[in-house]
Amino acid sequence: MATTTRDIWVWFNDPMPVGYRFIPKRDADMSIACRMRAGERYQMVYFVQDLLGKPLGIRVPTKIFDEVHAEYLESARYDDVLKDLETLRLLATDNDDTRRATRRATRRAKRRAKFRDAILAKFPYIPATGLEETLECFSSKKKGRISGAPIEKRVVFAVYAHIRHRHTSYEQLLRHGISRGAARRLVRTLISDIAERWGLVPEIPGHRERSSAAAASQNGGL
């Protein structure tokens, strides 16, 4: 079905329209899905740009974002169901090695599902790509120094690490010779701002600093 959208370009510091929220340009799948949904309903989409005219993302109706986000989560759970069915099929194979591998895969799937639910409880507005990348990183890594911490704290550390490496200049700072500790301090405020925009309310001590960038980010400045 053909869609029609009413697209308007705005500056990053223009006030956020009531009932709208910002989607960063890097979250391409969510942006495309929300734009299509808005077009089907003939609702306005705002394209956000910085002072140099560089596209930063879009502002879409919050109701549309919530619908698309919920559909994504349902789809992700469906994928896990398919994996569980494959696990059951393997269990029917009368082979010791297969059964051991299946038990390991089952435990891993349960941990992944538990971790996903914990992430969404802390970060209800985390982008789809951020959720999947954080889950993959969690699943692939061995137990670390916070493995014994409560899962609520572990998911916050995991999402903070994802933001640090994928949504800040942390890696570039390291490549330019900045020490790890100094680089972390330089991006700390930006990490906190993004985490809050993703829905985090309680913060880990050490990430409490705020800056004027918070106000800009709420208006689509990231």
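Quick caveat: nothing in here was measured; it's all calculated off a predicted structure. Because only heavy atoms are used, hydrogens play no part in the values below, and waters and symmetry mates are left out as well, while side chains stay in.
Counting only distance, with no hydrogens or angles, the side chain of His176 and the backbone of Gln172 share a donor-acceptor pair below 3.5 Å. Put simply, the side chain of Asp66 never gets that close to the backbone of Lys63: no donor and acceptor are under 3.5 Å apart.
Atom CZ of residue Phe123 and atom CG of residue Leu131 lie 11.0 Å apart, to the nearest 0.5 angstrom. Summarising the geometry, atom CZ belonging to Arg166 is positioned 9.5 Å from atom OG1 belonging to Thr134; distances are rounded to the nearest 0.5 Å. Taking CZ of Phe47 as the reference point, atom NZ of Lys25 lies at 11.0 Å (rounded to 0.5 Å). To the nearest 0.5 angstrom, Met44 atom CE is 4.0 Å from Ile8 atom CD1. Note: Leu186 CG to Ile178 CD1 = 7.0 Å, rounded to the nearest 0.5 Å. Leu190 CG to Ser169 OG: the interatomic distance, rounded to the nearest 0.5 Å, is 7.5 Å.
Here the closest non-hydrogen pair linking Gly130 and His162 is CA-NE2, 3.4 Å. The shortest non-hydrogen separation linking Phe115 to Leu135 is CD2-CD2, 3.8 Å. Pairing each heavy atom of Lys122 with each of Val155, the nearest pair is CG-CG2, 4.0 Å. Nearest heavy-atom pair across Ala38 and Ile64 is CA-CD1, 3.6 Å. In terms of heavy-atom proximity, Ile151 sits nearest to Lys114 at CD1-CG, 3.7 Å. In terms of heavy-atom proximity, Lys54 sits nearest to Asp50 at N-OD1, 2.7 Å.
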*Can you list the steps and then say if Tyr160 with Arg188 is a side chain to side chain contact (heavy atoms under 4.5 Å, CB included)?*
CA-CA 9 Å; Tyr160 267 62; Arg188 181 177 296 164; over 6 Å; no
*Evaluation steps, side chain to side chain contact (heavy atoms under 4.5 Å, CB included), between Leu56 and Phe22*: CA-CA 9 Å; Leu56 299 176; Phe22 176 70; 4.3 Å; yes
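In this structure, Tyr46 and Ile58 have side chains that are not in contact, with every pair of non-hydrogen atoms separated by 4.5 Å or more. Side-chain contact between Leu174 and Arg180 is present, with at least one heavy-atom pair separated by less than 4.5 Å. Residues Pro55 and Gln49 fail the side-chain proximity criterion, which asks for heavy atoms closer than 4.5 Å. Using a 4.5 Å heavy-atom threshold, the side chains of Cys34 and Ile23 count as touching. Contact check for Ile32 versus Met36: side-chain heavy atoms found under the 4.5 Å cut-off. Side-chain contact between Arg197 and Pro24 is present, with heavy atoms from C-beta onward closer than 4.5 Å. Put simply, the side chain of Leu51 reaches to within 4.5 Å of the side chain of Phe12, judged on heavy atoms. The shortest distance between side-chain heavy atoms of Trp198 and Pro124 does not fall below 4.5 Å.
Using a 4.0 Å cut-off between charged nitrogen and carboxylate oxygen, Arg112 and Glu132 count as a salt-bridge pair. By the 4.0 Å N-to-carboxylate-O rule, Glu40 lies too far from Arg35 to be salt-bridged with it.
Seen from the ring of Tyr125, Arg21 counts as a face-on cation partner, given the 6.0 Å and 45° thresholds.
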